[in-house]
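Report on one structure; see the data block that follows.
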Amino acid sequence: MAGYDFAAIEKKWQQYWSDNETFRQPNPGEPNFADRPRMYVLDMFPYPSGAGLHVGHPEGYTATDIMVRYRRMKGFNVLHPMGYDAFGLPAEQYAVEHGVHPRETTERNIANIERQIKMFGFSYDWSRRIATTDPDYYRWTQWIFLQLFNSWYDPQANAARPISELISRLESGQSVVGIGGEVQFNTSDGLTPYFGGPIGTIKFHELSPEHRREIIDSHRLAYMAEVPVNWCPKLGTVLANEEVTNEGRSERGNWPVYRRALKQWMLRITSYADRLLDDLQMLDWPESIKIMQRNWIGRSEGADVDFCIAGSPEIITVYTTRPDTLFGATYMVLAPEHPLVEEITSDAQRDAVREYVRQSAGKSELERTAETKEKTGVFTGAYAVNPVNDERIPVWIADYVMMGYGTGAIMAVPAHDTRDLEFAEQFDLPIIQVVQPPGGTDFRGYVGDGVAVNSGQFDGLETAEFKKKITAWLEQRGLGKAAVNYKLRDWLFSRQRYWGEPFPLVHCEKCGVVPLPEDSLPLELPEMEDFTPASSDDPSAPPSPPLGKMAGWVETTCPACGAPAQRELNTMPQWAGSCWYYLRFLDAKNDKAFVDPEIEKYWMGPREDAPAGGVDLYVGGAEHAVLHLLYARFWHKVLFDLGYVSSPEPFRKLFNQGMIRSFAYRDSRGMNVAYDEVDLREDGAYHRQTGEKLAESVEKMSKSLKNVVNPDEVIGQYGADTFRLYEMFMGPLDASKPWNTRDVPGVYRFLNRVWRMIAGTEDASSLLGETQCDTVERALHKLTKKVGKDIEAMKFNTAIAAMMEFVNLVYGKAGRISPDQAERFVLLLAPLAPHMAEELWQKLGHEETLAYESWPVYDDNMIAAEEATLAVQVNGKVRGRVTVSADASEDAIMEAVLAEAKVASALAGKQIVKQIIVPGRIVNLVVK
RNA sequence: GCCGGAGUGGCGGAAUUGGCAGACGCGCGGGAUUCAAAAUCCCGUUAUGGCAACAUAGUGUGGGUUCGAGUCCCACCUCCGGCACCA
C-alpha cells in the first residue's frame, strides 16, 4: 500500500532533528536561552550490555519522550538527556572471556545501543551525552570521592563537614579523643584548664602522629575497614550482596562465594540513615518504593542493656527493641564471632564451643540463613546476670544471632519471640510469660503488645508505657540506655577489578593514605594487555587486583612528601558512576567543575512548590528501588552539605514503569520453545514440527526462556511510531504487562487510518474538507482536554484510545475533517507518534518542525453537552433512560422520568419512597 | 514468615474515583469490495434463555455498609514483586 511509508518518514525526520539540533536545550547564560519554566525529565540511563535493548527499555523512554515533547509545546525549557552506565562487571567479564579489551566492547555496545535508541526518535539533547567510562566523566566521580574522603559527619551540625574542621577542632583542644577513638566535645574545656578533658579522654596533641592519623582517617566519610565481604576467588573480587545469587554463588559465572573478612574501602552512608529516612516524606515517589527504602534503612528503637557475667569482670551488652520483656529473658545468645566468646567459655565447654565457632565460620551466609527449620547452638558454660532481677541465665552461642546487627548479642525471651521460642524448645530452656496478650490468645510466641505480667513492680503496665519506664529505670542505675539501630550498613565501595574508576589515592609509608591533588585528576585507568583478575579456587587466597600488575603505574611518588608511594589498586563499584550522572547532564562539558552552581540551581534548585528540588521526573524500573536510589540520595546529600548543590534531594518525582513480560512456551519435557517454532491456533499453541501441544505462560523475558522480543524487528516491520504507540497502548505505564506481538497491527492500523484521513493514499482520498463539521469540532475540543490531562497523568493508554475514538468519528458519523481541525489533531498526536505528526504537519503546509508549536487550547463551552441522557433506575435496576437539557431542574427531570413508558410500567402500582437525582448521570427511584 | 501490588469477556485493558460494567484495541463471526486473495470498509461479539423486544445472572470467594459497590469495610483464596533469623 503506497501511502504511509513509515521507513522513509522516520529516517527523514530523525535526520532533520539531528541536522537542526531541534532538541538542543541551551543552559542559562548560553545564547538562545529563554527564561521559561523548567522541566528536567530523566530516564535511568542504560547499562550497554552486549545484548542491546530489549522491549522493556523503550517503554520508559517513550513515556518520558511524550512528557517532554508535550512540555515543549506547553512552553517549558526541557532538559532531557541520555547517557551510558558503562563501567562494570558484565562488560569486563565478557571482555575477559573473549580476550577483547573492555573499552573496545564497551564502545561497541554503546554504539549498538545508541543506534537502537535513535531508531525510536526520542527527543534527547544529544549534546549532553555522557558515558561513565569517559575520563572526562570519571574525573569528577573521583573528585566527588575525594570530597567524601576529605569530609566527616559532624553530629552537632548533623551534616558532612570538611575534615579540616575536625582537625582544627582537635588541635585547638575544643574536642578530645575518647577511649574508643571517638571524638567528643571537651566538656570540661575552660572549666578545669589544668586537668585535661573528661575522664578517659586524651588530647589530640598527646597522641603519636600515627595514632592521630588513625583517628582522623576513621572519621572520614570514605574510610578503610576490615569487614566481612562476599569474596569470589574465581572472579578474584568481592561482590555486592545483589551480585550474589540465592544459592550463594556469583551472579556472573555462577562460582562459589565465601564470607570473608577483608580490608576494604567503605562509605559512611549510615551517618545519613536518619536524613535518608526523614526526607522521604518530601518526595513524590510511589509509596511502595518509599516503604522499601524505609525497610532497607530499618530503623528501630530500643535499648542497650548491660548484663554482667557471673564470676567474670566482663559485661555483655545486648540490644533489644523489647526492654519490657527483660523479666522473661531466660538465656542469652552471642553470635559465634562475638569477641567475648573465647573469654567467657568454661573449660568444660571449650572444645564444643570452638568446634561450633569453626563450623559456623565455614558456612556461607546462605547456609547460615537457609537452615531456618532447625536452630543450632552451644552452651558456653557461662552465666549472665539479668539486671532487673539478678537471675542467673545461661549464655549460649548460636548462629541465628548475627555479629553484624546490634551488639551481636541478644537476651532471649522465648515466650515472646518466635526465634527464641524455637531455640528454647530445641534445647529445653525455660519459657516465662511476661506479656499478657489481649483476648484469649496463647502467650507462647506472642510478639505483639499487651499487659506486663511476672515483671515485679512493673506488672500491669502496657507495653509502650513499660518500655519507657524500664529504659529510664536502667539509665538511672547505669545498666543500660535507650538505643537506635539500623539495618543499613556502610557501603562497601571497593572492587578488585580492572573495569572501574581508579581511586585517586596513594599509600605512602610516611603519610599514610594521601589523596591526589584535585587538579591532577583524572587518574586514568592504565591501558593493560592482561586485565584478567587473579582467579583462584582457594577461598583464602589474598586478593590481587589486576591493577597491581602494572608496576609502572602502581609505583609513584607521594603528593605530600615526595617519597616513593603506591597507588590504590582497588577500583570503584559500578554504582559510583550512576550516583551523580543526573548532575553531569546539567553541564556535561564543564571542565572547571562537575557542574556550574548557577546551572545546577536553574535546573534542580528547590522551588516554592517543591522544597526538595531535584529532577522533576525520573523514570525507570523498580529494580533500582533501593540501592541506586539510596546511594544517589546519599551522595547528593553529601554534596548538598558541602555546598556544591542547592537541592537536598536528587529526584523529586519518581515513576516506575511496569515490567514488560512475554509469553513463553514449553513442551511436555519442560523445554522452552522459540517463537518461530510455535504455531498459534485457536485452541492454543502447538509445536510447528512435532505438533505437540505447548504450555503457555507469561514470564520475564530471558534468553533461556526463548521469549525475548527484539525491538529492531518490530520497528523494521511496523516502524517506530507504531512501536511507541503499542507500548503506550498496552495498559497503564506502571503495571506489568505481557507483550503480545499479535496486538501490534491494531495500533498500526490506527496510524494508517490517521494517515489516510489527512494525507490520503493512492487509491483513497483524504477526508479533508473545507466545511467544518460541528460534531468533529466538539469532539476535538473534548479530545484536546482529555489528551492533555492524560499525558500529564502519564495515562497514555487512555489518551490513545480517545484518539482512536476521534478518528472513528471522523470516518463514520462525520465523514470529513477540516484542515484546521486536522492540524490541531496532528499536534495532539505529535508527542506520541512524532515522525508521522511531523510529516503530516508538513503536508498541511508548514515548513518548520512542530516540536515548538503551541499545544492546542480547548474551550470548555464546546465540551459541555447541551443535553444529558440519564439512566433511570428503579430500586437500583436500570429500567429506562431519559434525555433532558443539561441544566434541567429536578422537577423537569422527574417529569421526563415519569413520562418514560418503561419507567412508568416498572412503577405501576408502587409508591415512590425516595428519589435520588445525580445531575448528568442517574436517577434512582426507591419504590415499595 | 513479613511488607507491598494486583485479580473485570477468549486476550490486553477501560470505568469521570460510590452513579448505565466491559470504552479502545486484539481475536473471532458475518457482510461489502475483489476473478480470487491481501489490504480496506461496515455490522456483531460477557454468559444463559428468546426470532426479537426483552429477561435473568455477572468484576477471585464469602459476608457487610449504602437508594446504589468493580470502586468502601471485614474475612479468605490465587498470582506478581521485594525483604528475610534485623533481636
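The shown structure was predicted, so the numbers you read here are calculated from the model rather than taken from an experiment. Both backbone and side-chain heavy atoms feed into the values below; hydrogens, waters and symmetry mates do not.
- Here salt bridge (charged side-chain N to carboxylate O under 4.0 Å, His left out) pairs that include residues 789-807 of chain A, with residues two or more places apart or in two chains, are A/Lys786-A/Asp790.
- Qualifying side-chain contact (heavy atoms from CB on, under 4.5 Å) partners for A/Tyr675, counting only residues two or more places apart in sequence or in other chains: A/Ser662, A/Phe663, A/Tyr665, A/Asn707, A/Val709.
- Nearest nucleotide to the side chain of A/Asn295, out of B/A87, B/C42, B/C3: B/C3.
- Remark: the separation of the C1' atoms in B/C24 and B/C74 is 36 Å, to the nearest Å.
- The ring pair (Phe, Tyr, Trp, His ring centres under 6.0 Å) search around A/Tyr631 returns A/Trp491, A/Trp575, not counting sequence neighbours.
- Counting non-hydrogen atoms under 4.0 angstrom, A/Asn485 reaches nothing in the nucleic acid.
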Which protein N or O atoms sit under 3.5 Å from an N or O of nucleotides 43-49 of chain B?
none

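- For A/His624, the ring pair (Phe, Tyr, Trp, His ring centres under 6.0 Å) partners two or more places apart in sequence, or in a different chain, are A/His628.
- Rounding to whole angstrom units, CG of residue A/Leu751 and P of B/C24 are separated by 18 Å.
- Listed nucleotides B/A87, B/G4, B/C83 differ in distance to A/Tyr405; the shortest reach to its side chain belongs to B/A87.
- Within the 4.0 angstrom heavy-atom criterion, no nucleotide atom of any strand lies near A/Arg489.
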Between the protein and nucleotides 12-22 of chain B, are there any N/O to N/O pairs under 3.5 Å, and if so, what are the atom names and distances?
from  : atom 1 : to       : atom 2 : distance (Å)
B/G12 : O2'    : A/Met730 : O      : 2.7
B/A14 : OP1    : A/Asn797 : ND2    : 3.0
B/U16 : O2     : A/Arg921 : NH2    : 2.4
B/U16 : N3     : A/Arg921 : NH1    : 2.7
B/U16 : N3     : A/Arg921 : NH2    : 2.1
B/U16 : O4     : A/Arg921 : NH1    : 2.6
B/C20 : O2     : A/Arg881 : NH1    : 2.2
B/C20 : O2     : A/Arg881 : NH2    : 3.1
B/C20 : N3     : A/Arg881 : NH1    : 3.0

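- Residues forming a side-chain contact (heavy atoms from CB on, under 4.5 Å) with A/Ala625 (at least two apart in sequence, or on another chain): A/Ile289, A/Met292.
- Scanning for side-chain contact (heavy atoms from CB on, under 4.5 Å) contacts around A/Gln911 gives an empty result, with sequence neighbours left out.
- Residues passing the ring pair (Phe, Tyr, Trp, His ring centres under 6.0 Å) test with A/Tyr319, sequence neighbours excluded: none.
- In this structure A/Phe825 satisfies the ring pair (Phe, Tyr, Trp, His ring centres under 6.0 Å) test together with A/Phe806, sequence neighbours excluded.
- Stem analysis of RNA chain B (Watson-Crick or G-U pairs, both distances under 3.5 Å, runs of at least three) returns B:1-7 with B:77-83, B:10-12 with B:24-26, B:27-32 with B:40-45, B:46-49 with B:54-57, B:60-64 with B:72-76.
- Comparing the same atom, P, in B/A6 and in B/A57 gives a spacing of 30 Å after rounding to whole Å.
- Rounded to whole Å, the C1' atom of B/G30 lies 50 Å from the corresponding atom of B/G82.
- Closest to the A/Val926 side chain, of the nucleotides B/A87, B/C67, B/U40, is B/C67.
- Set against B/G4, B/G25, B/C85, the side chain of A/Ile291 has B/G4 as its closest nucleotide.
- Under the side-chain contact (heavy atoms from CB on, under 4.5 Å) criterion, A/Arg444 pairs with A/Leu421, A/Glu425, A/Ile431, A/Asp442, sequence neighbours left out.
- Under a 4.0 Å N-O distance rule, the pair A/Lys737/A/Glu727 does not qualify as a salt bridge.
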